[in-house]
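Structure, as structure tokens:
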Amino acid sequence: MAAASAPIAMREALTLPSIGISPQFITFTHVTMESDKYICVRETAPQNSIVIVDMNMPNQPLRRPITADSALMNPNSKILALKGESEPVKMFERTANLANNQIINYRCDPSEKWLVLIGIAPGAPERPQLVKGNMQLFSVEQQRSQALEAHAAAFAQFKVPGNENPSTLISFATKTLNAGQITSKLHIIELGAQPGKPSFTKKQADLFFPPDFADDFPVAMQISHKYSLIYVITKLGLLFVYDLDTATAVYRNRISPDPIFLTAEASSLGGFYAINRRGQVLLATVNEQTIVPFVSGQLNNLELAVNLAKRGNLPGAENLANSKVVQRFQELFAQTKYKEAAELAAESPQGILRTPDTVAKFQSVPVQSGQTPPLLQYFGTLLTRGKLNAFESLELSRLVVNQNKKNLLENWLAEDKLECSEELGDLVKVGYTPDYLFLLQTILRTDPQGAVNFALMMSQMEGGCPVDYNTITDLFLQRNLIREATAFLLDVLKPNLPEHAFLQTKVLEINLVTFPNVADAILANGIEDPDIHFKYIEAAARTGQIKEVERVTRESNFYDPEKTKNFLMEAKLPDARPLINVCDRFGFVPDLTHYLYSNNMLRYIEGYVQKVNPGNAPLVVGQLLDDECPEDFIKGLILSVRSLLPVEPLVEECEKRNRLRLLTQFLEHLVSEGSQDVHVHNALAIKADPSRVMDYINRLDNFDGPAVGEVAVEAQLYEEAFAIFKKFNLNVQAVNVLLDNIRSIERAVEFAFRVEEDAVWSQVAKAQLREGLVSDAIESFIRADDATEFLDVIRAAEGADVYHDLVRYLLMVRQKAKEPKVDSELIYAYAKIDRLADIEEFILMPNVANLQNVGDRLYDEALYEAAKIIFAFISNWAKLASTLVKLKQFQGAVDAARKANSAKTWKEVCFACVDAEEFRLAQICGLNIIVQVDDLEEVSEYYQNRGCFNELISLMESGLGLERAHMGIFTELGVLYARYRPEKLMEHIKLFSTRLNIPKLIRACDEQQHWQELTYLYIQYDEFDNAATTIMNHSPEAWDHMQFKDVAVKVANVELYYKAVHFYLQEHPDLINDLLNVLALRVDHTRVVDIMRKAGHLRLVKPYMVAVQSNNVSAVNEALNEIYVEEEDYDRLRESIDMHDNFDQIGLAQKIEKHELLEMRRVAAYIYKKAGRWKQSIALSKKDNLYKDAMETASQSGDREFAEELLVYFIEQGKKECFASCLFVCYDLIRVDVALELAWMNNMIDFAFPYLLQVVVVWSLCAFNNYMFEICINGFLGKVDELVKYKIEAQNEVKAKEKEEKDVIAQQNMYAQLLPLALPAPPMPGMGGPGMGGGFAPPPPMGGMGMPPMPPFGMPPMGSSY
């Protein structure tokens, strides 16, 4: 796609290397960009500095010498935040998914209620190149975090239709690998949805990566709040653009060939900045002319195109939107949704609905009492979105004026919400501003001077002149009022501001033609102001006043020469004299020549050279040669000046350009005229014809010998130069020619013997020295009695090792000068030739030698005996000790070190004694060293590197008793014990634990694997985590149960608790419960149970689980229940179920409902009952013949259906006693008619009789009990007879014989125990029970526990009459 038609425009805003940023600092760790205002770069070489790049002035970076770990610029103001040693404020703990991640982004939403942290980590082992992204979303209000997989995220504010408050959205991009498949998604969700308000619907979309970018991943996300677009930027430079509202893909392209590591929102432009590794700062913006056509055409998404046009007021959707928007507007209007219609009109693309017709429609709507007029709703909506157009401003103003609320208009005008017009001004007259231009024109017609005064009054108004000065001036000039215009300008231009330069020139122009004297006066008043002089020249040139230009350029000393020259060249005046004046006076002759020659003004060149300044002719000739002017013109120009022309600069100009032959005719002409000018002779006789020089030397005597000799040397005529210098007795120059040019030292020596001049011998000596003839040079210097070059002589003599000659030379030099260098070198020379007695004698004599430097030099060159003499003489005990060490004189070295008393000297002597196995002397030195903390380790390493372990330990043990003994000695001795005497280590640690550097000794014990001692040190240092780890990792030596329990309760890392559990499980399972009891308040019981379950030793920690079951932890409950089931301990199981309900009840019930043990199955039924699964509980009890349990469950269920089904079951099974018991237990649930019907049909009236007696007793307590009882009994019995008759007829096919009852005797015994002494009363007729009529309620229950009081008569014991 062509860049011009792409919906996103890219351009390079800046390159960091172009402003001096080194590529090594263009990285994520060195560059930050928090907004579109500033870029901050942290440099660490060549020095630490912070570079701040203001994006408004990117080519003027601000560099400050600041050292910091990281640096950020405030997004809005020029405030720099640095990370140094101060601790930041912690907002939250990282979630586990961000462990070992590189953090690449941290953001918060505008309300600062939501925070998001982004990190990246290496990918999965099967595809490590696909980087994994992790995200932590944190709620500040709720103080909760959520961990997600994401590479990039951003917050946005979005207004959901129908919700006046904006919603907070988060968008995040993911790229994950699942089962070998890569999934790339963009998610948009709302955070903290507002209760009772419309919310944002969660959106997601795919991110389509090309095949070549399979391992690419998002690194940044920016959201354009201006256009509601999401920008997703990947590391390899891909850009994905999505719509925030719908998550629709808009655009995808590669925007950078280099990896992108940083982005920032360009909020004012609706785009973003991106920085890549090359240092390009790229700016991405929405192409407002093409994005809407692109979405409608390329994507064929008309709805999105219209929405984009509405959001950003973008062109391109007029034809698309007109019909759709107008249609929607009309629909809203027809539905009387005026607020929505007003919002649609205000947001219509390009304002297509903001017309007089729309205003008229709102005006036509009747105003309802107590409601805001729709027209005001419309205008209010427009005001919140920007400025009203002229028609809207006028109509709104009419409404406000009619309501006498002009203060609103003043506010809107001040806020620039209204478009001003004449009609609006006539209507409101608010903040009236006079038409000053019209007033000025009116005054000009009748009173010019009054107009001047009025104009000056305007210029002094607060806030500035309402009419431009130039416009006022033109009004005066249009009426030829030049004096008035001048008077006005001279007054207002007094501040002499730069922005008034044009007017300053103008006032001069208008007066130069009409009133020159006024112009001169203006110039005179600004006599020292360069700008005034220049503007005068400028004005005179523009008005054709060439003579004035020529005069001012000639006479004035105050104009700017460069500025004036450039102006005159650009003006191209027909007369070049003004330009000649400027260039001649201020040294612009080459520029003048080039200008005149380029413009074919050759006569002015001739006039300048011949009449104005012949002395500048060489410069003119040089420039003409540069401009490739014809030689004939140049030769003619030179000859026209002749003797007025300076020869030397002319020769230089021609010689620089290798055009000296051009002057041959001119020079010969001067010679023929008898010129004695040395420059003429030099140029023609030497430079032009070298073969005739010797003849001139021999024939001429009045020439300048030194000058001609130098010229001869320059022309490489060396023999001629030697002859000239010799002829004029310039012996030094002559010998220099022999030495430097002819390069003959032999001839120079011969010449020196001939003339016998010290200066000549000096030159010869220097040449000999340069050639390496050191002895000859020294001899020549002595002949010359020259001590000036002693430094070079000394250097050369040392290089040639001619110290005997050097001694002779230095003794000569000492007679002439008192130089420390000379005396020092003399001592050194004595030492080199082993004249030690001379050294002792010399240093006792007055001298200026730098003995310290000499001694150091002798020492460095191993001349130790001589150095010993020097150091002893100057009492430099430290160096003397070093020297004696070199001489193996150790006792003397120790004595000298004692006098020096410096750590460096003690160490040097000590180490030398160690190397020489003089351990007694070494210990003397060592005791003076180890009291210094900084030197202790060095001594120890030196001993150890040479295997002197016992001697070192002896030294340290001796050091313990010193007054200045410090922690380092105790610690180092402990380290030595750890390495070489482990049997003494623990005793040492316990004795001196308070005087040890425990961390250092910990490292030593760890290296040497002394685990028991290491554990002890960790405990002493309160590093209980490490102590516990050491004990577990090295238990054979370090473990002690009581000690480990004490350590375990003090560790900070909770993971160690569980590691301890594993450890005890593997090595000390018999003590694991003791450990767990100690850790009970600190461990996660669920995790402990999981560990034991996975290990298959759950029963091992049963005592521990019993102890902690009171916490009602699900895992513990289930584990214990599982153990009780396996042990068939149903009593403990039932107790656990009753007391601790946090477990999978149904799962346990299902597990044991088929258990072979009856009591276990009974527990299963009990669990079902507790869980409210009445049917399963009853079924399980019936299956196991636990009829009492079944009856109690049915009763507790409160469900009539279960109770009555149980009655039927007992009838079917022939369990008559159970039938009677069930009537008692389920008394409150069973309906009387059902009970009597079942009893009648199955011939169990006798068994139901106790139940019926109880019913009668209860009914007898009611007011009309007899009457009602008779009615109920008679009516009910009649119904029963009919029902029984019907069912008998319907059951003709029923089996004649029912199944024999099983275990009758056993069941009868059990039933006898289940039957109650009396039954509770059934419901009274009329109580609303089904099947019963009547309209009155029974009396309230009597007695306690929900049971009616027992009647005076009882029930015969069961089994006596059945």
Side-chain angles (χ1 to χ4, degrees), residues 705-707 709-710 713-714 718 721-722 724-726 728-833 835 838-839 841-843 845-858 861:
E710 293 297 335
V713 172
E714 292 176 1
Y718 303 128
F722 176 70
I724 293 170
F725 291 134
K726 183 178 178 182
F728 285 87
N729 291 323
L730 301 171
N731 295 327
V732 174
Q733 290 89 331
V735 79
N736 285 339
V737 171
L738 291 174
L739 294 170
D740 299 336
N741 305 117
I742 299 177
R743 297 185 180 279
S744 175
I745 294 179
E746 293 79 6
R747 289 178 63 184
V749 172
E750 180 185 351
F751 182 71
F753 274 112
R754 187 183 308 144
V755 299
E756 281 296 340
E757 291 183 6
D758 290 347
V760 173
W761 276 115
S762 293
Q763 296 303 113
V764 172
K766 294 174 184 176
Q768 290 171 329
L769 198 62
R770 288 195 297 271
E771 294 298 323
L773 304 173
V774 181
S775 296
D776 293 341
I778 291 175
E779 186 65 34
S780 298
F781 277 120
I782 293 174
R783 282 181 174 275
D785 200 21
D786 183 2
T788 59
E789 303 296 327
F790 69 87
L791 293 175
D792 293 336
V793 172
I794 292 170
R795 188 162 44 251
E798 291 175 351
D801 197 22
V802 288
Y803 289 99
H804 288 87
D805 295 331
L806 180 60
V807 168
R808 292 171 51 230
Y809 174 75
L810 292 176
L811 290 173
M812 180 272 292
V813 174
R814 286 193 80 235
Q815 298 174 2
K816 291 182 170 294
K818 297 298 182 183
E819 287 286 342
K821 178 69 173 177
V822 174
D823 287 2
S824 300
E825 291 297 330
L826 181 57
I827 295 173
Y828 179 76
Y830 280 145
K832 291 293 289 186
I833 58 179
R835 291 169 60 175
D838 290 336
I839 295 176
E841 181 181 355
F842 180 83
I843 62 178
M845 296 169 55
N847 64 82
V848 293
N850 190 331
L851 295 179
Q852 179 63 54
N853 291 344
V854 173
D856 291 340
R857 185 179 179 189
L858 293 173
E861 298 190 16

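Side chains included, hydrogens not; waters and symmetry mates left out as well; all remaining heavy atoms used. For the single chain, residues carry numbers from 1 onward in sequence order.
- The minimum heavy-atom distance linking Val802 with Ser775 is given by the pair CG1-OG, 3.8 Å.
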Exercise for review: Check step by step if side-chain contact (heavy atoms from CB on, under 4.5 Å) holds for Asp805 and Val774.
Suggested key: CA-CA 9 Å; Asp805 295 331; Val774 181; over 6 Å; no
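- Using a 4.5 Å cut-off on side-chain heavy atoms (C-beta onward), Gln768 and Glu779 make no contact.
- Between the side chain of Asp856 and the backbone N or O of Val854 there is no donor-acceptor pair closer than 3.5 Å.
- A distance of 10.5 Å separates CD1 of Ile794 from OH of Tyr803, quoted to the nearest 0.5 Å.
- Side-chain contact between Asp758 and Asp786 is absent, with no heavy-atom pair separated by less than 4.5 Å.
- In summary, Lys816 and Asp785 engage in a salt bridge, as defined by a charged side-chain N under 4.0 Å from a carboxylate O.
- A heavy-atom distance below 4.5 Å is not found between the side chains of Val848 and Glu819.
- No side-chain heavy atom of Val813 sits less than 4.5 Å from a side-chain heavy atom of Phe781.
- We find the CG-CD1 distance between Leu773 and Ile778 to be 11.5 Å, quoted to the nearest 0.5 Å.
- Between His804 and Arg808 there is no side-chain heavy-atom pair separated by less than 4.5 Å.
- With hydrogens and angles left out, the side-chain atoms of Asn850 and Ser824 include no donor and acceptor closer than 3.5 Å.
- With rounding to the nearest 0.5 Å, the separation of CG in Asn847 from CD1 in Ile827 is 5.5 Å.
- Under the 4.5 Å side-chain criterion, counting only non-hydrogen atoms from C-beta, Leu826 is not in contact with Leu806.
- Nearest heavy-atom pair, Ile745 versus Ala767, reported as atom, atom and distance to 0.1 Å: CD1-O, 4.2 Å.
- Listed here is the closest heavy atom pair of Val732 and Ala759: CG2-CB, 3.7 Å.
- Of the charged side-chain nitrogens involved, at least one lies within less than 4.0 Å of a carboxylate oxygen, so that Glu798 and Arg857 count as a salt-bridged pair.
- Rounding to the nearest 0.5 angstrom, the gap separating the CD atom in Glu750 from the CG atom in Leu738 is 9.5 Å.
- A cation-pi contact links Arg747 to Phe722, judged by a cut-off of 6.0 Å to the six-membered ring centre and 45° from its axis.
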Point to revise | CA sep, side-chain torsions, deciding dist, call: Phe753, Arg783, side-chain contact (heavy atoms from CB on, under 4.5 Å) | key: CA-CA 10 Å; Phe753 274 112; Arg783 282 181 174 275; 4.0 Å; yes
**Study point:** Test side-chain contact (heavy atoms from CB on, under 4.5 Å) applied to Lys726 and Asn731, step by step
**Key:** CA-CA 6 Å; Lys726 183 178 178 182; Asn731 295 327; 5.7 Å; no
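- Rounded to the nearest 0.5 Å, atoms CG (Asn741) and OH (Tyr718) are 5.0 Å apart.
- With respect to the salt-bridge test (charged N to carboxylate O, under 4.0 angstrom), the residues Lys766 and Asp740 do not qualify.
- Considering only heavy atoms from C-beta on, Phe790 stays 4.5 Å or farther from Arg795 through its side chain.
- A salt bridge is absent between Arg743 and Glu771; no separation between the charged side-chain nitrogens and carboxylate oxygens falls under 4.0 Å.
- Between Trp761 and Phe751, the gap from one ring centroid to the other reaches at least 6.0 Å.
- Scanning all heavy atoms of the two residues, the minimum distance from Gln815 to Leu811 falls at CG-O, 3.4 Å.
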